[in-house]
Amino acid sequence: MRFVKLALAALAAALGMAAVSAPAFAADGDIARSYGVWRNPHNTVHLEIKDCGPSTCGVVVWASAKAEADARKSGTDTLVGKQLLRDFEAQNDGSLKGRVWVPTLKVTLVGSANIIDPKTMRAKGCVIGNFLCKSQLWTRIDGSSVLASRAAP
């Protein structure tokens, strides 16, 4: 049980770096609505969601001193530049699903993200399948003009 609590706490911290019910994505281009920079509820990690090859990923662009120290204790030299969300793809239900790397535990978990509105995203990560899950609300911290420039061909 201690592992589960640690896993959920670490997942919260990592997602406190990442995105739930939202309107369905009508096409791959709609995934761009999630692109941009998001902050976790405690404002300890800022994550840029963007294209990474054929899928969508989330890369840390800023981390607080405490978040960086926690990562170093687990053997990660720095959080900035690390890809925490990996291989995220649009699902029929409108969510994005992929993998979430939790540096403090050195594990990769199943995760999902949903855009609730233009400024709010729910991130969810699960230790085992759809069991032992934790979700958080993330807030967009970049502007729509930045998003439009990223989405333009």
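Residues Q136 and P41 are in side-chain contact: their nearest non-hydrogen atoms beyond the backbone lie under 4.5 Å apart. Counting only heavy atoms from C-beta outward, the side chains of V102 and L109 approach each other to under 4.5 Å. Using a 4.5 Å cut-off on side-chain heavy atoms (C-beta onward), V61 and V37 make contact. Inter-residue side-chain proximity for K50 and V59 is flagged as met; some heavy-atom pair is nearer than 4.5 Å. Side chains of N43 and S64 form no contact here, defined as non-hydrogen atoms less than 4.5 Å apart.
Pairing each heavy atom of A67 with each of L79, the nearest pair is O-CD1, 3.5 Å. When all heavy atoms are compared, the tightest approach of W101 to K82 is CZ3-CB, 4.0 Å. Residue S55 comes nearest to F88 through the heavy atom pair CB-O, 3.6 Å, listed as atom of the first residue, atom of the second, then distance.
To the nearest 0.5 Å, atoms OG1 (T44) and NZ (K66) are separated by 8.5 Å. If you take CZ on R99 and OG1 on T108, they are separated by 6.0 Å, rounding to the nearest 0.5 Å. Rounding to the nearest 0.5 angstrom, the gap separating the SG atom in C52 from the CZ atom in R86 is 10.5 Å. A distance of 6.0 Å separates OG in S112 from NZ in K97, rounded to the nearest 0.5 Å.
At distances below 3.5 Å, not a single donor-acceptor pair connects side-chain atoms of E48 with backbone N or O atoms of H46. Within the 3.5 Å criterion, the main-chain N or O of G53 finds no donor-acceptor partner in the side chain of D51. A side-chain donor-acceptor contact under 3.5 Å links K106 to the backbone of S74.
Between the side chains of T78 and E68, at least one donor N or O sits under 3.5 Å from an acceptor N or O.
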Full working for salt bridge (charged side-chain N to carboxylate O under 4.0 Å, His left out) between D142 and R140:
CA-CA 6 Å; D142 62 352; R140 183 186 302 275; 3.7 Å; yes
Could you please spell out the steps behind the side-chain contact (heavy atoms from CB on, under 4.5 Å) verdict for V60 and L84?
CA-CA 7 Å; V60 178; L84 300 181; 3.3 Å; yes
Intermediate values then yes/no, side-chain contact (heavy atoms from CB on, under 4.5 Å), L96 and S34:
CA-CA 9 Å; L96 292 169; S34 65; 3.6 Å; yes
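Cluster annotation: Y35 is connected to W38 through the hydrophobic network of ILVMFWY side chains, with a link wherever side-chain heavy atoms come within less than 4.5 Å.
Tested against M121, the residues I49, L137, L47 include a single side-chain contact (heavy atoms from CB on, under 4.5 Å) partner, I49.
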